[in-house]
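Since the model is a prediction, treat every value here as computed from it, not as a measurement. Reminder, nothing fancy here: chain letters follow the sequence lines and each chain counts from 1. All heavy atoms count here, side chains included; hydrogens, waters and symmetry mates do not.
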There are 2 protein chains.
Amino acid sequence: MVSQSAPNGTSRERLLAAAAAEFAARGFDGAKVDRIAARARINKAMLYYHFHSKAALYRDILRQMFGTVAGAVTAVHAQGGPADVQLRRFIEAIARAAEGSPHFPAMWLREIAEGGRHLDESIVLEMRRVIEILGRILHAGRRAGIFGPVNPFVTQIGIVAPLMFFSASAPIRERFRHLVPARVVAPRREEIVAHVQATTLAALAAPRTRAGAPSRSRRPPTRRQRS
Amino acid sequence: MVSQSAPNGTSRERLLAAAAAEFAARGFDGAKVDRIAARARINKAMLYYHFHSKAALYRDILRQMFGTVAGAVTAVHAQGGPADVQLRRFIEAIARAAEGSPHFPAMWLREIAEGGRHLDESIVLEMRRVIEILGRILHAGRRAGIFGPVNPFVTQIGIVAPLMFFSASAPIRERFRHLVPARVVAPRREEIVAHVQATTLAALAAPRTRAGAPSRSRRPPTRRQRS
DNA sequence: GTCTATATTTTGATAGAC
DNA sequence: GTCTATCAAAATATAGAC
């Protein structure tokens, strides 16, 4: 697991690892090619020998990361099984991918905030593969009668956001550890995954009625928040 | 209300609005003081008249944003009521804060990825106020017998992450609208809030099984809130 | 493939007039 | 409070030797 200083591999591999770390920690503009090169123990000119530009390097890293995730969830779906089991595995696969490339969550969060300015179509298509798989799992579950109807994108956000948030926030939690209770800063990884699995399946288990027609008590009837 | 080009208010107000937009869209390093000044229709020197540095400007904006959220959830808690109702309002309040200052979600996502490098203690203390309120609500619900035991931080992530993800991803969804089905890019805001409320309460309604046993036998509870 | 030097722009910040 | 002019440092990218 090459992570911080990327001490192993070819110069190109070290470069990719160093750049991922730098982009994740400082963002596209905050990442400096000098620092990336130094971290990879290569010269700055070598960076431009391997990649056309800083942006191209960035895109290659992100494309590879999303490709890995897409591959993982595709494998999950190909494995088959009941829809709820597939969904659990889908969630697990995404969590695993976040661990496998530890700089992925931070880069994803940043790219969202960035409005996708550095994404090209090929990268977005990898992202689309992921949500397509989720859509199929949800559809299968619906036909099997174990899932209610939901918007796949809403479900996707409910899954991905907490997982990425949790992974990416490890440094900030560590940094301000002294200001918050210990249990708060250090939930176990399995706790998050289990929580996401439980909440996602709970939302799917209850058959959703069409908009605004609570045939069964959809909300607590006592209080209606907001007016 | 003032959002993009901040055409109104004093020069200081325009500056703050322009800076928030710029920091949200480009990040701390990507934001350029020249652009901020131009956007606020002031001179760059005016920026340094009002703020000691780019970093100080950034921190003031973030502190104000977190302060607003903390104030909103504090008001929710002070209002009292059953714990489940308070929790719904807590979630609603955070969603509302994200709408009230539309650049808040992107800045938050970035700051997490950044490892909190630009945060000072006063900002983190505002963040802590939020999770403390949540902790109290969860505790009250537990004592009332309507919530099971949970890690407040896990719950907090499950609430905040989807809400911030959704708000911050509006630009990227718009940008790549042509690559994904229409319904996927445009879920309604209420859909997300309702989803977060439903999933969070579902996770709390079920008494937790013992740690680390998310085996497939565990069925998601049917959604049922008491009132 | 790898490196040293350097060109060219951009950028955060300030001085000082009004 | 507001502006013009400007500096000094930093940053992306390239040229060209080995």
> Should A:Tyr48 be listed as having a side-chain N or O under 4.0 Å from OP1 or OP2 of D:dA13?
Replying inline: yes

>> If I take atom CG in residue B:Leu47 and atom C1' in nucleotide C:dG12, what distance separates them, rounded to the nearest angstrom?
In response: 10 Å

>> If I take atom NZ in residue A:Lys44 and atom C1' in nucleotide C:dG1, what distance separates them, rounded to the nearest angstrom?
In response: 18 Å

> Contact class for B:Ala55 vs. all strands (heavy atom < 4.0 Å): base, sugar-phosphate, or nothing?
Replying inline: nothing

>> Can you measure A:Leu15 atom CG to C:dC3 atom P for me and round it to whole angstrom units?
In response: 12 Å

>> Expressed as a whole number of angstroms, how long is the span from B:Glu22:CD to C:dT11:C1'?
In response: 13 Å

>> Could you check whether any side-chain N or O of A:Asp120 sits under 3.5 Å from a backbone N or O of A:Ile123, counting only pairs where one atom can act as donor and the other as acceptor?
In response: yes

> In terms of side-chain geometry, is the basic nitrogen of A:Arg96 or A:Glu99 positioned less than 4.0 Å from the acidic oxygen of its partner?
Replying inline: no

>> Can you tell me which nucleotide in C:dG1, D:dA13, D:dT14 comes closest to the side chain of A:Ala45?
In response: D:dT14

> Which residue lies toward the 5' end of DNA chain D, A:Asn43 or A:Lys32, if each is placed at its nearest nucleotide?
Replying inline: A:Lys32

> Starting at CE of B:Met46 and ending at P of C:dA13, how long is that distance when rounded to a whole Å?
Replying inline: 17 Å

>> Given D:dG1, D:dA13, C:dG12, identify the nucleotide with an atom nearest to the side chain of B:His50.
In response: D:dG1

>> Between A:Arg177 and A:Glu174, does any NZ, NE, NH1 or NH2 come within less than 4.0 Å of an OD or OE carboxylate oxygen?
In response: yes

>> Just the rounded figure in Å: distance from P of D:dC3 to CZ of B:Arg41.
In response: 11 Å

> What nucleic acid atoms does B:Ala31 come within less than 4.0 Å of, heavy atoms only: base, sugar-phosphate, or nothing?
Replying inline: sugar-phosphate

>> Please report the distance, rounded to the nearest Å, between CZ in A:Phe51 and C1' in D:dT12.
In response: 16 Å

> Taking 4.0 angstrom as the limit, do A:Arg88 and A:Glu92 come out as a salt bridge?
Replying inline: no

> Using a cut-off of less than 4.0 Å, is there contact between a side-chain N or O of A:Ser11 and OP1 or OP2 of C:dG1?
Replying inline: no

> What's the shortest heavy-atom distance between B:Arg110 and B:Ala24, and which atoms?
Replying inline: NE-O, 3.0 Å

> Between D:dT4 atom C1' and B:Asp34 atom CG, what is the distance in whole Å?
Replying inline: 13 Å

